[in-house]
Asks: 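Below is a structure I'd like to ask you about.
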Amino acid sequence: EVQLVESGGALVQAGGSLRLSCAASGFTFDDYTIGWFRQAPGKEREAVSCISSDGHRRYADSVLGRFTISRDNAKNTAYLQINSLKPEDTAVYYCAADSILCSAHMDYWGKGTLVTVSS
């Protein structure tokens, strides 16, 4: 059974930092592109950052310079380091995996972890 389990979400003050984790199982993690997405209240889900199987990274303009995506293939885990948090970063953060590329139509999705940023 494929599972993606996010953790690390919390209530934090603006300017703070968090590290989100995504633990994967049930598929060959090394071969998959991993993406982090978020959905704020009343808004559509958006892509935040992706990392390919060979480590190529890309970021949404809104998080560039503040978010860092990484992966540890030995642990089947991906991470999203979030610094300089802003109230507009408040959202449910999802990780997802795809065998080919990062898009809104990933093969597998986690259930999300809530990040709330207070001003």
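Values in this document were obtained by computation on a predicted structure and should not be read as measured data. Just so you know, residue 1 is the first one in the sequence shown, and it goes up from there.
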Asks: Taking ring pair (Phe, Tyr, Trp, His ring centres under 6.0 Å) as the test, write out the residues that go with Tyr94, two or more places apart.
Replies: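 Listed in chain order: nothing, the list is empty.
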
Asks: Does Ser103 use its side chain to pair, donor to acceptor, with the backbone of His105 at less than 3.5 Å?
Replies: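 Side chain of Ser103 to backbone of His105, a donor-acceptor pair under 3.5 Å: yes, one is there.
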
Asks: Honestly curious: do Leu114 and Trp109 fall in one hydrophobic cluster under the side-chain, below-4.5 Å linking rule?
Replies: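 Leu114 and Trp109: one cluster.
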
Asks: Using the side-chain hydrogen bond (donor to acceptor under 3.5 Å, both in side chains) criterion, which residues pair with Asp54? Sequence neighbours excluded.
Replies: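 In terms of side-chain hydrogen bond (donor to acceptor under 3.5 Å, both in side chains), with neighbours along the sequence ignored, Asp54 is linked to Ser52.
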
Asks: To check you understand the geometry: which heavy-atom pair defines the closest contact between Ser119 and Pro87, and what is its length?
Replies: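 Closest heavy-atom pair between Ser119 and Pro87: CB-CG, 3.9 Å.
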
Asks: When you measure from the side chain of Arg57 to the backbone N and O of Ile69, does any donor-acceptor pair fall under 3.5 Å?
Replies: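 Such a contact is found between Arg57 side chain and Ile69 backbone.
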
Asks: For the atom pair CH2 (Trp36) and CD1 (Ile82), what is the distance rounded to the nearest 0.5 Å?
Replies: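 Answer rounded to 0.5 Å: 8.0 Å.
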
Asks: Is the distance from the ring center of Phe37 to that of Tyr93 below 6.0 Å?
Replies: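 Distance test on ring centres: not under 6.0 Å, no.
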
Asks: Could you check if a side-chain atom of Ser25 sits within less than 4.5 angstrom of a side-chain atom of Val2, using non-hydrogen atoms only?
Replies: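 Contact flag for Ser25/Val2 side chains = no.
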
Asks: So, Asp107 and Ser99: side-chain donor and acceptor under 3.5 Å apart, yes or no?
Replies: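 Yes, Ser99 and Asp107 have a side-chain donor paired with an acceptor closer than 3.5 Å.
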
Asks: Would you say that Asn83 contacts Phe67 through its side chain, given a criterion of any heavy-atom pair below 4.5 Å between the two side chains?
Replies: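 Not touching, per the 4.5 Å side-chain cut-off.
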
Asks: Might you point out which heavy atoms bring Ala104 and Arg45 nearest each other, and give the distance in Å?
Replies: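 For Ala104 versus Arg45, the nearest heavy atoms are O-NH2, 4.3 Å.
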
Asks: If I compare all heavy atoms of Leu18 with all of Gln81, which pair ends up nearest, and what's the gap?
Replies: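 Nearest heavy atoms, Leu18 then Gln81: O-NE2, 3.5 Å.
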
Asks: Measure from the side-chain N and O atoms of Glu6 to the backbone N and O of Cys95, and report whether any donor-acceptor pair falls under 3.5 Å.
Replies: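 Yes, because the side chain of Glu6 sits within donor-acceptor range (under 3.5 Å) of the backbone of Cys95.
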
Asks: Checking Thr33 against Cys102 for the side chain to side chain contact (heavy atoms under 4.5 Å, CB included) test, could you report, in this order, the C-alpha distance in whole Å, the side-chain angles of both residues, the deciding distance, and whether it holds?
Replies: CA-CA 6 Å; Thr33 289; Cys102 205; 3.9 Å; yes

Asks: Would you check, one step at a time, whether the test side chain to side chain contact (heavy atoms under 4.5 Å, CB included) holds for Leu64 with Arg58?
Replies: CA-CA 9 Å; Leu64 194 62; Arg58 56 188 177 97; over 6 Å; no

Asks: Using every non-hydrogen atom in the two residues, find where Thr90 and Val117 come nearest and quote the distance to one decimal.
Replies: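 So the minimum-distance heavy-atom pair works out to OG1-N, 2.9 Å.
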
Asks: Using a distance-only test with no angle check, is there a side-chain donor-acceptor pair under 3.5 angstrom linking Arg19 and Tyr79?
Replies: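 Looking only at side-chain atoms, Tyr79 and Arg19 do not form any donor-acceptor pair under 3.5 Å.
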
Asks: Among the clusters formed by ILVMFWY side chains lying less than 4.5 Å apart, do Met106 and Tyr59 turn up in the same one?
Replies: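 No; Tyr59 is not reachable from Met106 via cluster members.
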
Asks: Treating Arg66 as the side-chain partner and Ser84 as the backbone partner, does any N or O pair qualify as donor plus acceptor under 3.5 Å?
Replies: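 Yes.
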
Asks: Which atoms form the tightest heavy-atom contact between Leu4 and Ala24, and what is the distance?
Replies: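 Here Leu4 and Ala24 meet closest at CD2-CB, 3.5 Å.
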
Asks: How long is the straight-line distance from CG of Leu80 back to OG1 of Thr113, given to the nearest 0.5 Å?
Replies: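 Taking OG1 in Thr113 and CG in Leu80, the distance rounds to 11.0 Å.
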
Asks: Roughly how far, to the nearest 0.5 Å, is the CD atom of Glu88 from the NZ atom of Lys43?
Replies: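 If we round to the nearest 0.5 Å, Lys43:NZ and Glu88:CD are 8.0 Å apart.
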
Asks: Working to the nearest 0.5 Å, report the span between CZ of Phe27 and CG of Asn76.
Replies: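 That separation rounds to 7.5 Å.
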
Asks: Just by distance, do the side chain of Arg71 and the backbone of Phe29 share a donor-acceptor pair under 3.5 Å?
Replies: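 Answer holds: yes.
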
Asks: Does Lys111 reach the side chain of Val92, with side-chain heavy atoms less than 4.5 Å apart?
Replies: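 The answer is no; the side chains never approach within 4.5 Å.
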
Asks: Are any non-hydrogen side-chain atoms of Thr116 and Val12 less than 4.5 angstrom apart?
Replies: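 No - every pair of side-chain heavy atoms lies 4.5 Å or more apart.
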
Asks: What distance do Ser53 atom OG and Ile34 atom CD1 have between them, rounded to the nearest 0.5 Å?
Replies: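 Interatomic distance, Ser53 OG to Ile34 CD1, rounded to 0.5 Å: 9.5 Å.
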
